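Just below is one structure, and these are the notes that go with it.
Every value quoted in this text rests on a predicted model; they were computed, and no experiment measured them.
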Amino acid sequence: MDFNQLCIERASVRAYRPEPISDEILLQVLEAGRMAPSACNKQPWLFIVVDDPKILQQVQQAYPREWFNTAPQVIIVCGDHSASWKRPEDGKDHCDIDVTIAVDHLTLQAADLGLGTCWICNFDPQKILALLNLPPHLEPVALLPIGFPAAPSSIDKKRKPMHEVFFKNGWSTPFTK
């Protein structure tokens, strides 16, 4: 699919068919995340695929929404703060930035393969930390349910107009056509 069309058509999916995605297809999605750029090429991410029903049920307790229970698989995306680049001038940790770029790659690749995802940040990280027995330097940043959409998505992206978000040579001069 053309990249611009992919960006337009990718949407958050909140209802999934029950059949799982094959490991072959999951690896294509994960590879897209692995190929994402990161600050100083530190690649401070880990992708944990959960498809075991018992573990999946526990993951679902960290984000107790009915629709979330329809996802046959969830990718838990973690940031490794011990591996991420820190800006020398102020110590800013780029882990979250790098991980979000990787998640974006995952979601776009999934959409290109006809899969649905929904980026979830509003979850209980303590439940995920305990469930996966993560060491202190790893942070669960996002839950990414993934599967075949239960229904075709309707594209109705509400976005701010260009003149509110595009600027040139400073924030007071809109960048327009």
Donor-acceptor pair, distance only, cut-off 3.5 Å: does the side chain of [X] make one with the backbone of [Y]?
X	Y	answer
Ser12	Cys118	no
Ser84	His94	no
Asp51	Gln73	no

Taking all atoms of both residues into account, what is the closest heavy-atom pair of [X] and [Y], and its distance?
X	Y	result
Ile128	Ala62	CD1-CB, 3.7 Å
Leu144	Leu106	CD2-CB, 3.8 Å
Ala110	Val29	CA-CG2, 4.1 Å

ILVMFWY cluster, [X] and [Y] together (side-chain gap under 4.5 Å):
X	Y	result
Leu56	Val13	yes
Leu129	Ile76	yes
Leu132	Ile75	no
Ile120	Leu26	no
Ile48	Trp45	no

Practice prompt. State whether the number of non-hydrogen atoms from other residues, nucleotides or ligands found under 6.0 Å of Met35 atom CE is greater than 12.
Written response: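 Yes - once you tally the heavy atoms of other residues, nucleotides and ligands closer than 6.0 Å, there are more than 12.
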Worksheet item: Checking side-chain hydrogen bond (donor to acceptor under 3.5 Å, both in side chains) against His81, which of His137, Lys86, Glu139 comes through?
Response: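 Running side-chain hydrogen bond (donor to acceptor under 3.5 Å, both in side chains) over His137, Lys86, Glu139 with His81 returns exactly one hit, Glu139.
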Worksheet item: Is the cationic atom of Arg65 (NZ for Lys, CZ for Arg) positioned less than 6.0 Å from the six-membered ring centroid of Phe68 and within 45 degrees of its normal?
Response: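 Judged by the rule, Arg65 and Phe68 form no cation-pi pair.
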